[in-house]
Amino acid sequence: MHIRIIDQYRGLPRPVYILAIARVIVATGTFVFPFLTMFLSSRLSMNDQEVSGYLLLVALAQLPASMLGGKLADRFPRKKVYGLGLFLSIFFFALSGFFCHSRAVVFLILGGYFFSNLCHPILSAMIIDVSRPETRQESYSLVYLGFNLGYSIGPLIAALLFEKYISWIFWGQAIMVSLAVLLILLFIPGKALQNSEAAPASPGEPVEKSSLWKLLRRDKLMLIFAACMICYAFSYAQTSYLLPLNLELVQGISQAAKSNSLVWSCNGLVVCLAAPLVVMLTKKNSTLFNCALGLLFCALGFGGSALIGEKNALLLFLVFLWTVGEILCNTNSGLFIAGQAPLSHRARYQSIYDVIQSLGKATGPIIMGLFLLKSSYQQGWLLVGGLCLLAAFVLLKSCRLKNPGRSGQEAPPGSAAPISTEA
């Protein structure tokens with residue numbers, strides 16, 4: 001079994017491995033975001049309302065950034081747009097290191113994240129460009145694993161720098177991203193990244209010239225999928241909002257801090273160990289079915305959180321359940337979107353998933369906070385679990401609307417047949 005798990009990642013196109021390594025480097029250099037709340041409160045002396053307002057602004061900024069990145073990457077060579085976006089991100093983060101003791105730094109950080117988020121849909125589109133249809137799910141999975149591997153290391157390094165070398169959190173992130181940019185620019189040939197203007201359409205397939213919004217209005221399955229995944233993003237946002245509050249109530253602040261750290265260690269470990277197995281076992285399913293299955297796991301994991309108490313055994317089991325759901329949703333969403341996208345709109349379609357994630361992150365804490373004014377934490381978890389269950393049911397019913405195809409088969413761009421994954 002373990003040989004088959006490893007073998008599925010062999011023989012992928014060389015650019016896929018380069019993108020995966022670059023993703024590890026970028027994620028390892030993710031120093032700023034894990035400590036952004038602590039930085040704003042302890043270093044810049046912001047109160048709770050100021051911190052939450054700024055975090056909301058960072059989340060909302062991802063919406064126009066993702067849409068702009070997708071549009072630019074469909075009109076110009078992807079590698080150049082990706083390199084320029086990351087270069088501007090590097091510039092803003094490097095500059096932040098010199099102004100980290102002034103409140104003016106918040107605008108520089110916002111600029112850094114804007115251009116970083118601009119690159120997310122471009123990366124997803126590049127994976128589609130350089131991978132083969134029959135191994136596309138494995139390609140996305142490998143890049144997804146690279147991100148989680150790097151992200152499990154980055155915050156540990158940042159923790160060592162935060163206390164006495166705060167400027168190096170920003171400079172360190174700028175340096176790591178610079179290495180990833182050089183790797184992509186030097187080792188991935190531009191001809192491997194075919195954008196919509198350069199790549200010829202398949203025989204009999206016209207290049208779609210309609211706007212993204214006109215295409216989406218005609219694509220009912222895509223709209224249903226987007227609505228269901230907004231439910232997923234809203235629910236997942238509760239792992240960083242509702243879960244810490246609930247743990248603090250039942251365990252006390254000291255034990256809750258340890259338990260919360262344990263949750264994310266467990267989450268990262270499950271992703272790294274289970275993702276290859278989950279991909280291997282489910283890659284023959286349609287991507288829409290896999291997303292529905294992921295939502296069912298999330299419904300069990302989040303809904304069951306209404307039962308968490310002082311002991312962590314049940315908590316860790318629930319983390320395992322919603323992490324499996326996370327793997328299924330994240331390694332199938334991008335490929336489903338790719339299967340729905342006309343060739344001329346690949347990057348713009350990929351930006352939809354980033355928009356979905358942004359909406360979930362931005363609205364999750366706000367809506368749940370309003371719900372908790374008159375409800376308990378347990379009722380909050382039941383609401384989240386029920387929302388995931390409803391979304392899973394809708395996706396399962398939607399599998400019958402059109403033929404979603406199989407994960408390893410690419411439908412003609414713009415057709416009804418979807419594929420699956422995210423980076």
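This structure is a prediction, so every number in the text was calculated from the model and none was measured.
For the residue pair Tyr377/Glu248, the side-chain donor-acceptor check at 3.5 Å is not satisfied. For the 3.5 Å distance criterion, the side chains of Ser141 and Tyr9 qualify, holding a donor opposite an acceptor. Side-chain contact, Trp322 with Asn267: no donor N or O sits under 3.5 Å from an acceptor N or O.
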Q.
Please evaluate residues Phe170 and Phe39 with respect to the criterion ring pair (Phe, Tyr, Trp, His ring centres under 6.0 Å), reporting the C-alpha separation (whole Å), side-chain torsions for both, the decisive distance (0.1 Å), and the verdict.
A. CA-CA 11 Å; Phe170 301 98; Phe39 171 75; 5.4 Å; yes
Q: Evaluate the side-chain contact (heavy atoms from CB on, under 4.5 Å) criterion for residues Phe297 and Glu326: first the C-alpha distance (whole Å), next the side-chain angles of each, then the deciding distance (0.1 Å), finally the verdict.
A: CA-CA 8 Å; Phe297 273 95; Glu326 173 192 350; over 6 Å; no
Q: Could you please spell out the steps behind the side-chain contact (heavy atoms from CB on, under 4.5 Å) verdict for Gln357 and Leu63?
A: CA-CA 9 Å; Gln357 293 296 310; Leu63 295 170; over 6 Å; no
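In plain terms, the two heavy atoms of Ala22 and Leu183 that are nearest each other are N-CD2, 3.8 Å. Contact record, Ala392 with Ala292: CB-O, 3.5 Å, taken as the closest heavy-atom pair. In terms of heavy atoms, Cys388 sits closest to Cys298 at SG-CB, 3.9 Å.
Between the side chain of Asn332 and the backbone N or O of Leu288 there is no donor-acceptor pair closer than 3.5 Å. Checking side-chain atoms of Arg78 against main-chain N and O of Met126 turns up no donor-acceptor pair under 3.5 Å. At distances below 3.5 Å, at least one donor-acceptor pair connects side-chain atoms of Ser376 with backbone N or O atoms of Gln379. Put simply, the side chain of Gln251 never gets that close to the backbone of Ser259: no donor and acceptor are under 3.5 Å apart. Panel note: side chain Arg103, backbone Leu44; a donor-acceptor pair is recorded below 3.5 Å. Of the possible polar contacts, one joining the Gln8 side chain to the Pro276 backbone as a donor-acceptor pair under 3.5 Å is found. Here the side chain of Thr239 pairs a donor or acceptor atom with the backbone of Tyr236 at under 3.5 angstrom. Side chain of Gln62 to backbone of Val58: no donor-acceptor contact under 3.5 angstrom is found. Using a distance-only test at 3.5 Å, with no hydrogens or angles considered, no donor-acceptor pair links the side chain of Lys283 to the main chain of Glu138. Judged by distance alone, the side chain of Ser167 and the main-chain N or O of Gly97 form a donor-acceptor pair under 3.5 Å.
Taking the side chain as every heavy atom from C-beta outward, Arg23 and Leu123 approach each other to under 4.5 Å. Looking only at side-chain heavy atoms (C-beta outward), Leu296 and Leu328 stay at 4.5 Å or farther from each other. Looking at Met176 and Val26, their side chains never come closer than 4.5 Å, going by heavy atoms from C-beta outward. Using a 4.5 Å heavy-atom cutoff, the side chains of Ile21 and Ile25 are in contact. Side-chain contact between Ile308 and Asn246 is present, with heavy atoms from C-beta onward closer than 4.5 Å. You'll find the side chain of Leu142 stays beyond 4.5 Å of the side chain of Leu19, heavy atoms only. Between Ile90 and Val181 there is a side-chain heavy-atom pair separated by less than 4.5 Å. Side-chain atoms of Val355 and Leu359, non-hydrogen and from C-beta on, do get closer than 4.5 Å to each other.
Other residues, nucleotides and ligands contribute only 12 or fewer heavy atoms inside 6.0 Å of the CZ atom of Phe91. Surrounding CH2 of Trp168 are at most 12 heavy atoms belonging to other residues, nucleotides or ligands under 6.0 Å away. Environment of CZ in Phe393: sparse, with no more than 12 heavy atoms of neighbouring residues, nucleotides or ligands closer than 6.0 Å. In this structure, Tyr241 places its OH atom where more than 12 heavy-atom neighbours from other residues, nucleotides or ligands lie under 6.0 Å away.
Residues meeting the ring pair (Phe, Tyr, Trp, His ring centres under 6.0 Å) test with Phe115, sequence neighbours left out: Phe92.
A parallel orientation is assigned to the rings of Trp381 and Phe302, their planes being inclined by less than 30° (bins at 30° and 60°).
Exactly one residue among Phe87, Phe114, Tyr113, Phe31 makes a ring pair (Phe, Tyr, Trp, His ring centres under 6.0 Å) with Phe93. That residue is Tyr113.
Ring centers of Phe336 and Phe225: under 6.0 Å apart, within the cut-off.
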